[in-house]
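Note that the structure is predicted; figures quoted are calculated from it, not measured. Numbering starts at 1 and runs along the sequence shown.
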Amino acid sequence: MASEQDGSPEASYDPMAQFAELAGDVRDPYSMFAGIRADSPVLHVELGAGSGGRYRHDDKAPRISSLFAVTSHELAQQVLTDNVRFSSAANAMTIGQVMGRTILEMDPPEHQRHRALVAKAFRARVLDQWSDPIIGATVSELIDAFAGDGHADLIPQLTFPFPVRVIARILGLPEADWPRFLHLSTQLIAVMRNWEGALAASRELRGYFGEIIADRRRNTRDDLVSQLISAEVDGRRLSDEEIYPFLLLLLPAGAETTYRSSSNLLFGLLSEPDQLEAVRADRGLVPQAIEEALRWETPLLTVARSATEDVELGGVRIPAGSFVAVSLGAANRDPERYPDPDAFNVGREDKQHISFGDGAHKCLGMHLARLEMRVLLNAVLDRLPGLRLDPDADDPHIHGLIFRSPPNLPVRFDLA
């Protein structure tokens with residue numbers, strides 16, 4: 001792959017701009033969700049034949065003419081835990097077209113078989129091995145670059161590059177390949193905005209990973225690709241055709257959501273200085289802060305399912321084959337589940353959120369995401385004394401309708 005120094009498109013490519021575009025420019029969707037939930041927690045939305053045109057650049061992309069939006073916590077949980085009536089195969093219509101057959105679109109029992117094989121690479125012993133030499137080292141090198149300045153923008157300087165570098169290092173990718181890897185992965189995620197671009201990125205990444213897999217089969221290393229190759233359950237291992245889709249999924253599913261989750265966590269704490277100082281003084285509150293941030297601002301607002309049969313949900317009839325959009329963001333702010341749901345409150349009573357989904361498809365990488373957030377937050381608290389929002393900053397805020405996070409987070413801190 002090309003590096004940033006060789007005149008390739010990556011040298012002028014701005015991944016932050018691409019990720020901002022993917023998010024969607026909506027500052028507060030929650031008042032809209034609240035209105036929908038109060039009126040009908042399962043809302044039938046007719047999109048029309050021409051819907052979504054601004055996201056699709058040709059006639060080959062899939063089109064969805066209608067959907068059922070689920071906005072209450074109780075009903076969202078019902079859909080996510082019922083893989084018999086609500087299939088994950090809906091993901092094959094969108095991201096599956098460019099990633100191949102990933103575990104996102106599989107239903108049991110196929111899903112359990114593949115998940116068990118992939119999960120071998122995410123067990124606690126492996127995560128412990130990554131914690132200091134990869135995750136901790138990555139955070140340290142990023143903070144080193146601005147720790148002596150007294151000010152920073154924590155998004156481009158810390159939270160955005162952090163999980164991308166972690167994933168690349170976990171995969172064992174050469175550092176010179178990182179810019180191209182990020183560029184192609186971003187194109188892949190933008191499948192519903194640029195269909196042909198996503199297909200081209202998929203082909204290029206597939207070729208690149210083909211070389212990596214072939215090399216690891218010849219020369220095993222201490223990286224995730226080697227672990228996926230060697231993972232075995234009941235005498236069965238993953239084929240190359242099964243490894244490709246997982247590798248294509250890894251950066252979008254792991255890096256983007258973690259970057260947004262970490263950004264939202266820091267924004268929530270910086271917006272509530274008393275809570276920030278409470279967490280700084282008592283690191284036992286770090287796990288609570290992470291879970292509250294995930295509930296308060298889930299990085300991915302919606303996940304897709306399809307009805308396998310005619311079904312009634314919340315008093316609404318959903319015909320077989322219908323596209324069902326489960327709003328994780330709306331469910332996480334359901335006042336029936338969480339008192340004062342719009343407030344960021346580290347001391348909130350512990351009630352499990354559904355930001356990582358639920359049921360058979362609960363996020364495989366959630367333990368890695370929590371570990372990355374914990375290491376990053378502790379490093380920020382340790383190394384940036386007096387951390388605060390820059391008083392001269394121009395209205396930092398979280399936005400997005402598909403993905404959510406702050407585009408910028410200007411801060412100041414004291415120098416030792």
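Electrostatic pairing of Arg295 and Glu291 does not count as a salt bridge here, judged by no charged N lying under 4.0 Å from a carboxylate O. Residues Asp240 and Arg206 are not paired through a salt bridge, judged by the lack of any N-O separation under 4.0 Å between the basic side chain and the carboxylate. A salt bridge does not link Arg305 with Asp82: none of the charged nitrogens is closer than 4.0 Å to a carboxylate oxygen.
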Margin query: Working note: Phe86 + Gln78, criterion side chain to side chain contact (heavy atoms under 4.5 Å, CB included); need CA distance, chi angles, decisive distance, verdict.
Written below: CA-CA 9 Å; Phe86 297 100; Gln78 281 187 34; over 6 Å; no
Next item on the list: Would you check, one step at a time, whether the test side chain to side chain contact (heavy atoms under 4.5 Å, CB included) holds for Leu80 with Val303?
Entry: CA-CA 9 Å; Leu80 295 175; Val303 296; 3.8 Å; yes
Notebook entry, point to check: For Leu276 and Leu381, what are the C-alpha separation, side-chain angles and deciding distance, and is it a side chain to side chain contact (heavy atoms under 4.5 Å, CB included)?
Noted result: CA-CA 9 Å; Leu276 174 63; Leu381 295 175; 3.8 Å; yes
Check: Can you check side chain to side chain contact (heavy atoms under 4.5 Å, CB included) on Phe162 and Leu154, steps first, answer last?
Finding: CA-CA 11 Å; Phe162 165 56; Leu154 293 181; over 6 Å; no
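We find the CD1-CD distance between Ile290 and Glu372 to be 11.0 Å, quoted to the nearest 0.5 Å. Distance check, rounded to the nearest 0.5 Å: CD1 of Ile213 to CD1 of Ile243 gives 5.0 Å. Note: Phe33 CZ to Asp334 CG = 12.5 Å, rounded to the nearest 0.5 Å. Between Cys363 atom SG and Ile354 atom CD1 the span is 13.5 Å, to the nearest 0.5 Å. The line from CG of Leu171 to CG of Asp177 is 11.5 Å long, rounded to the nearest 0.5 Å. Atom OG1 of Thr298 is separated from atom CG of Leu328 by 5.0 Å, given to the nearest 0.5 angstrom.
Judged purely by atom type and a 3.5 angstrom limit, Lys351 uses its side chain to pair as donor or acceptor with the backbone of Arg337. Formation of a donor-acceptor pair under 3.5 Å by the Trp178 side chain with backbone atoms of Leu173 is found in this model. Of the possible polar contacts, one joining the Ser262 side chain to the Thr258 backbone as a donor-acceptor pair under 3.5 Å is found. Without hydrogens or angle criteria, Glu242 side chain to Ser239 main chain gives a donor-acceptor distance under 3.5 Å. Between the side chain of Arg37 and the backbone N or O of Ser72 there is no donor-acceptor pair closer than 3.5 Å. The main-chain N or O of Arg374 is found under 3.5 Å from a side-chain atom of Asn378 such that the two form a donor-acceptor pair. Gln275 places a side-chain N or O within donor-acceptor distance of the main-chain N or O of Val346, the cut-off being under 3.5 Å. Judged by distance alone, with hydrogens and angles left aside, the side-chain atoms of Glu292 form no donor-acceptor pair with the main-chain N or O of Gln288 at under 3.5 Å.
Pro407 has its side chain within reach of His399: a pair of non-hydrogen atoms, C-beta onward, lies under 4.5 Å apart. Considering only heavy atoms from C-beta on, Leu224 comes within 4.5 Å of Trp130 through its side chain. No side-chain heavy atom of Arg169 sits less than 4.5 Å from a side-chain heavy atom of Pro133. Counting heavy atoms from C-beta on, the side chains of Leu376 and Leu266 come closer than 4.5 Å. Looking at heavy atoms from C-beta onward, Thr220 lies out of side-chain contact with Ser230 at the 4.5 angstrom threshold. Between Val326 and Thr302 the shortest side-chain heavy-atom distance does not fall below 4.5 Å. Residues Leu247 and Ile212 have side chains not in contact (no heavy-atom distance under 4.5 Å, counting atoms from C-beta outward). Using a 4.5 Å heavy-atom threshold, the side chains of Leu294 and Met373 count as touching.
Using bins of under 30°, 30° to 60° and over 60° for the plane-to-plane angle, the ring pair Phe181/Phe209 lands in the perpendicular bin. In this structure, His353 and Phe356 have tilted ring planes: the angle between them lies in the 30° to 60° band. Ring geometry for His44 against Phe68 counts as parallel: the plane angle stays under 30°, on a 0 to 90° scale with 60° as the upper cut.
Ser263 and Thr159 share a donor-acceptor pair across their side chains, judged by distance under 3.5 Å alone. Inspection of the Glu297 and Tyr30 side chains reveals an N or O donor paired with an N or O acceptor under 3.5 Å. No side-chain N or O of Asn264 forms a donor-acceptor pair with one of Arg404 less than 3.5 Å apart. For the residue pair Ser226/Asp223, the side-chain donor-acceptor check at 3.5 Å is satisfied. For the 3.5 Å distance criterion, the side chains of Ser405 and Arg260 qualify, holding a donor opposite an acceptor.
Enclosure of atom CG in Asp222 is not indicated, since only 12 or fewer non-hydrogen atoms of other residues, nucleotides or ligands lie within 6.0 angstrom. The local environment of CG in Asp414 is crowded, with over 12 non-hydrogen atoms from other residues, nucleotides or ligands closer than 6.0 Å. Shown here is Asp392, whose CG atom has more than 12 heavy atoms of other residues, nucleotides or ligands within 6.0 Å.
The minimum heavy-atom distance between Val42 and Leu75, with the atom names listed, is CG2-CD1, 3.6 Å. Smallest separation of non-hydrogen atoms from Pro396 and Leu389: CG-CD2, 4.4 Å. Minimum interatomic distance between Ala147 and Arg383 (heavy atoms only, all atoms of both residues): CB-NH2, 3.9 Å. The nearest pair of heavy atoms linking Gly150 to Leu415 is N-CD2, 3.5 Å. Between Ile155 and Pro161, the shortest heavy-atom contact is O-CD, 3.6 Å. Listed here is the closest heavy atom pair of Leu409 and Phe267: CD1-CD1, 3.7 Å.
Evaluation of the side chain to side chain donor-acceptor pair (under 3.5 Å) rule for Asn345 yields no partner, not counting sequence neighbours.
A side chain to side chain contact (heavy atoms under 4.5 Å, CB included) with Val279 holds for exactly one of Asp274, Leu265, Leu285; it is Leu285.
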